[in-house]
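Let me begin by presenting the structure, written as structure tokens, before commenting on it.
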There are 2 protein chains.
Amino acid sequence: MRGIAQQLGTGAASLYAHVSGKEELLELVFDELVGRVALPEPDPLTWREQLHRMAFDLRAILLSHRDVALAGLGRVPSSPKVLRAAEAVVAVMRAGGLSDRVLALGLEQFLLFIAASAFEDSLYDARMTADELAVYFQEVHDFYERLPADRFPVLASIAETMSGPDDVERFEFGMTALLAGFEAMSRSG
Amino acid sequence: MRGIAQQLGTGAASLYAHVSGKEELLELVFDELVGRVALPEPDPLTWREQLHRMAFDLRAILLSHRDVALAGLGRVPSSPKVLRAAEAVVAVMRAGGLSDRVLALGLEQFLLFIAASAFEDSLYDARMTADELAVYFQEVHDFYERLPADRFPVLASIAETMSGPDDVERFEFGMTALLAGFEAMSRSG
DNA sequence: ACCTGAACACCGTTCAAGT
DNA sequence: ACCTGAACACCGTTCAAGT
């Protein structure tokens with residue numbers, strides 16, 4: 001509040017003439033940021049790529065707005081630009097042949113996953129530079145590799161694979177898994 | 001800090017003799033809470049149920065500890081009880097025949113999803129009672145049902161399905177999707 | 001209706017001083 | 001080593017007073 005007011009060349013109290021409080025302001029910013037995501041024309045052939053692109057775009061935008069990413073959690077889409085984006089998401093899902101139940105429940109999980117990933121990654125970005133992050137992951141790798149094999153056999157055996165992928169690859173993995181799960185659940189009813 | 005110190009019958013400053021700060025304290029509490037989750041003996045037949053149960057248990061515990069749930073995001077498992085739990089999770093995944101790549105990347109997504117869901121649901125719990133929540137979801141349902149069908153045809157058509165399931169069913173849906181995705185990705189390499 | 005400065009009730013953390 | 005009270009630098013929000 002204070003920071004935003006300062007950027008506007010005024011005091012924090014002045015904001016309350018336009019906005020009920022911090023929560024409403026975050027919702028407005030969230031709406032604005034979601035509005036920047038390009039919405040595709042649903043295509044039954046490339047629907048997977050379309051969802052991936054929307055997810056990646058939103059994640060990239062939220063990455064530099066940690067508080068907004070957090071506000072994206074626990075919010076039912078109701079603001080105008082978020083609604084348009086939500087409609088685009090379920091439209092693409094339907095084009096992909098997903099069931100109505102998966103559309104209805106999957107929409108929320110889709111958004112939850114994007115916002116949570118963005119928040120998580122923004123924490124690392126805030127805490128350290130790219131170089132420090134590389135060092136940190138090297139330490140984590142060493143730590144896992146040296147875990148006592150009698151108590152942590154599985155963790156120790158996958159240490160190599162755990163520390164390899166960067167944040168983008170992790171995100172894409174999670175999103176791929178989620179979408180593959182949606183497909184599987186649509187087929188099984 | 002102040003609240004915890006008060007519960008201990010002392011001042012906030014005294015905590016800094018035992019803990020470096022809020023972050024470390026949250027990590028200790030997170031470790032303690034994760035330690036309460038029952039860890040099963042990996043079973044190739046019921047591995048899905050085993051993962052579901054661990055996930056649900058942890059979610060239930062984190063539900064009443066919002067700040068700790070948030071601290072669970074963006075943290076590489078390294079404290080003792082979290083490590084034991086992580087080993088159990090990947091051991092069950094391996095018993096289920098999931099690939100090493102899915103174990104390594106899936107572990108993080110599994111935890112991310114649980115913590116994010118718990119945080120999200122704890123927001124609703126904090127903001128309103130069960131009765132108010134029912135009213136709120138009824139309003140959301142009405143809102144979606146009345147969306148202009150020309151601009152939001154898909155959202156309007158799934159309004160009924162969107163407002164039905166409660167938070168537990170949503171969580172189970174998301175977890176089922178994630179695990180189904182892990183399976184699909186393990187098969188495809 | 002819109003803005004303002006000052007104050008209020010909170011944070012987490014630091015620090016000099018104690019035992 | 002452990003604890004303490006007071007202070008510091010922050011929050012978001014309220015409120016009486018201005019235009």
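Convention: sequence-line order gives letters A, B, ...; per-chain numbering from 1.
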**Report entry** Phosphate OP1/OP2 of D/dC3: any B/Thr10 side-chain N/O under 4.0 Å
**Finding:** no
Query raised in the report: Would you say B/His18 reaches D/dA1's phosphate, i.e. side-chain N/O to OP1/OP2 under 4.0 Å?
Result: no
Minimum-distance nucleotide (side-chain atoms of [X] versus [options]):
X	options	result
A/Ala13	D/dC2, C/dG5, C/dT13	C/dG5
B/Ala17	D/dC2, C/dG12, C/dA6	D/dC2
B/Arg2	C/dG12, D/dC3, C/dC15	C/dG12

Query raised in the report: B/Phe30 ring centre to B/Arg75 NZ or CZ under 6.0 Å, with the angle to the axis within 45°?
Result: no
Query raised in the report: Cation over ring, B/Arg170 on B/Phe173, under 6.0 Å and within 45°?
Result: no
Roughly how many Å is it from [atom1] in [X] to [atom2] in [N], rounded to a whole number?
X	N	atom1	atom2	value
B/Glu23	C/dC11	CD	C1'	16 Å
B/Lys22	D/dC10	NZ	C1'	13 Å
B/Gln6	D/dT4	CD	P	13 Å
B/Leu25	C/dC11	CG	P	15 Å
B/Tyr16	D/dG5	OH	C1'	15 Å
A/Met1	C/dA9	CE	P	21 Å

Query - Centroid-centroid under 6.0 Å between A/Tyr144 and A/Phe152 rings - result: no
Requested in this report: Answer with yes or no whether the side chains of B/Asp43 and B/Thr46 bring together a donor and an acceptor at under 3.5 Å.
Outcome: yes
**Report entry** Base-pairing assignment for C/dA16 (Watson-Crick or G-U wobble, both under 3.5 Å)
**Finding:** D/dT4
